[in-house]
Amino acid sequence: MSWAFLRDLLSGVNKYSTGFGRIWVAVVFMFRLLVYVAATENIWKHEHDEFECNIKQPGCENVCFDHFFPISHIRLCALQLIMVSTPSLLVVFHVAYRENREKHHNQKLYKNPGKIDGGLLCTYLISLILKTGLEIVFLVLFYKLYNGFKIPPLVKCDIKPCPNTVDCYISKPTEKMIFLYFLVATSCLCIALNLGELTYLIFKYSIKCYLKRHVKKQQ
């Protein structure tokens, strides 16, 4: 999979972000995207081939693997990474709309098309809420699908066509669990950064609006 588009998207939105947003981009790029490409993808690459059960009944191993891994960890991680980065497109599109509007009217309509204010502020806040919501949804999904964030070395399966309860072994469970904890931790860090940025922007512009009203009353 090529991650060039996602990299360019993160680099583009970084220009319009606050300090919190720039840290978020750095965390996503360095601790999620690069770790995914460099290490995590290889750890789960042959998970189906390395999943073994102590019986050779045709179809038993496949149905057991599908039961315990309804969606591959690595594919779910990739989907999470794409989905939580997509709301940033709203900000990029809004800035592009402002720039195109200025070009169409052939005059300066904004002090800075990339400055977070007015309508762009609303778009930015919506993108933060969406990113935070998606992060939480995927964490819950991980927890529900895999009964927690643990990867046991041994699972017991009694699903047909298995003739009885069989033992199935997951390859490199400790290594997978360490990387899963790391991915969960970085996801929680991103949620904290998004909430911090959301709080900062709301507080900043609330104070700004209050001061404007106060000045008008004084005048």
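We count residues from 1, following the sequence as given.
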Asker: With rounding to the nearest 0.5 angstrom, report the CG to CG distance, Leu81 to Leu134.
Answerer: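 Reported value, rounded in 0.5 Å steps: 12.0 Å.
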Asker: So do Leu128 and Leu201 actually touch side chain to side chain, heavy atoms under 4.5 Å?
Answerer: yes
Asker: Write down the atom of Phe51, the atom of Phe65, and the distance for their closest heavy-atom approach.
Answerer: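 So the two residues come closest at CG-CD1, 3.5 Å.
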Asker: So, taking the atom named CG in Asp66 and the one named CG in Asn62, what distance separates them when rounded to the nearest 0.5 Å?
Answerer: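 So the gap between those two atoms works out to 8.5 Å.
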Asker: Please tell me whether Phe31 and Leu180 are part of a single hydrophobic cluster in this structure, the criterion being side-chain heavy atoms less than 4.5 Å apart.
Answerer: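 Yes, because Phe31 and Leu180 connect within a single hydrophobic cluster, where side-chain heavy atoms sit under 4.5 Å apart.
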Asker: Could you tell me whether the side chain of Cys188 reaches within less than 4.5 Å of the side chain of Val184, counting heavy atoms only?
Answerer: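 The answer is yes; the side chains approach within 4.5 Å.
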Asker: Can you run down the disulfide (SG to SG under 2.5 Å) pairs that involve residues 131-165, sequence neighbours left out, and say none if there aren't any?
Answerer: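 Matches after skipping sequence neighbours: Cys60-Cys162, Cys64-Cys157.
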Asker: Identify the heavy atoms of Met177 and Ile151 that sit nearest to each other, and give their distance.
Answerer: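 Looking at all heavy atoms of both residues, the shortest contact is SD-N, 3.6 Å.
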Asker: To the nearest 0.5 angstrom, please state how far the OH atom of Tyr181 sits from the OG1 atom of Thr186.
Answerer: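 So the gap between those two atoms works out to 14.5 Å.
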Asker: Of all the heavy-atom pairs spanning Arg32 and Cys190, show the shortest one and how long it is.
Answerer: NH1-SG, 3.3 Å
Asker: For the CD1 atom of Ile55 and the OG1 atom of Thr165, what is their distance to the nearest 0.5 Å?
Answerer: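 With rounding to 0.5 Å, CD1 (Ile55) is 10.5 Å from OG1 (Thr165).
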Asker: Is Ser187 reaching over with its side chain to a backbone N or O of Leu183, donor-acceptor style, under 3.5 angstrom?
Answerer: no
Asker: Side chains of Leu198 and Thr132: closer than 4.5 Å at any heavy-atom pair?
Answerer: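 No; the side chains remain at least 4.5 Å from each other.
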Asker: Rounded to the nearest 0.5 Å, how far apart are CG of Leu120 and CG of Leu125?
Answerer: 9.5 Å
Asker: With the side chain counted from C-beta on, respond yes when Asn164 and Asp158 share a heavy-atom pair under 4.5 Å apart, and no when they do not.
Answerer: no
Asker: What I'd like to find out is whether the side chain of Lys156 reaches to under 4.5 Å of the side chain of Asp167, using heavy atoms alone.
Answerer: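 When only atoms from C-beta onward are counted, Asp167 and Lys156 do touch, with a gap below 4.5 Å.
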Asker: Check the orientation of Phe20 and Tyr200. Use parallel for under 30°, tilted for 30 to 60°, and perpendicular for over 60°.
Answerer: tilted
Asker: May I ask you to test the Tyr143-Leu139 pair for a side-chain heavy-atom distance under 4.5 Å?
Answerer: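 With C-beta onward as the side chain, the pair stays apart.
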Asker: Name the residue from Leu130, Ile129, Thr123 that meets the side chain to side chain contact (heavy atoms under 4.5 Å, CB included) definition with Ile126.
Answerer: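 Looking at Leu130, Ile129, Thr123, the match for Ile126 under the side chain to side chain contact (heavy atoms under 4.5 Å, CB included) is Leu130.
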Asker: Is Val137 reachable from Leu145 through a run of hydrophobic residues whose side-chain heavy atoms are each under 4.5 Å from the next?
Answerer: no
Asker: Tell me whether the count of non-hydrogen atoms from other residues, nucleotides or ligands lying under 6.0 Å of CE in Met83 goes above 12.
Answerer: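 Incorrect, the count does not exceed 12.
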Asker: Please check if atom CZ in Phe182 has more than 12 non-hydrogen atoms from other residues, nucleotides or ligands closer than 6.0 Å.
Answerer: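 Above 12, so yes.
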Asker: Leu76 and Val140: same hydrophobic cluster, using ILVMFWY side-chain contacts below 4.5 Å?
Answerer: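 Yes, Leu76 and Val140 fall within the same hydrophobic cluster.
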Asker: Once you round to the nearest 0.5 Å, how far does NE2 of His94 lie from OG of Ser127?
Answerer: 11.5 Å
Asker: Return the minimal non-hydrogen interatomic distance between Pro161 and Gln57, and the atom names on each side.
Answerer: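 Looking at all heavy atoms of both residues, the shortest contact is O-CG, 3.4 Å.
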Asker: Could you tell me whether the side chain of Phe93 reaches within less than 4.5 Å of the side chain of Ser88, counting heavy atoms only?
Answerer: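 In short, these two side chains do not touch, never coming nearer than 4.5 Å.
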Asker: Would Tyr124 and Leu195 show up in the same hydrophobic cluster when neighbours are defined by side-chain heavy atoms closer than 4.5 Å?
Answerer: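 Tyr124 clusters together with Leu195.
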Asker: Is there a chain of hydrophobic side chains (I, L, V, M, F, W, Y, each step under 4.5 Å between heavy atoms) that links Leu189 to Val25?
Answerer: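 In one cluster with Leu189: Val25, yes.
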Asker: Tell me, do Phe142 and Gln80 make a side-chain contact under 4.5 Å, heavy atoms counted?
Answerer: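 Yes; the side chains approach each other to less than 4.5 Å.
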Asker: Any sub-3.5 Å donor-acceptor pair from Glu52's side-chain atoms to Tyr169's backbone N or O?
Answerer: no
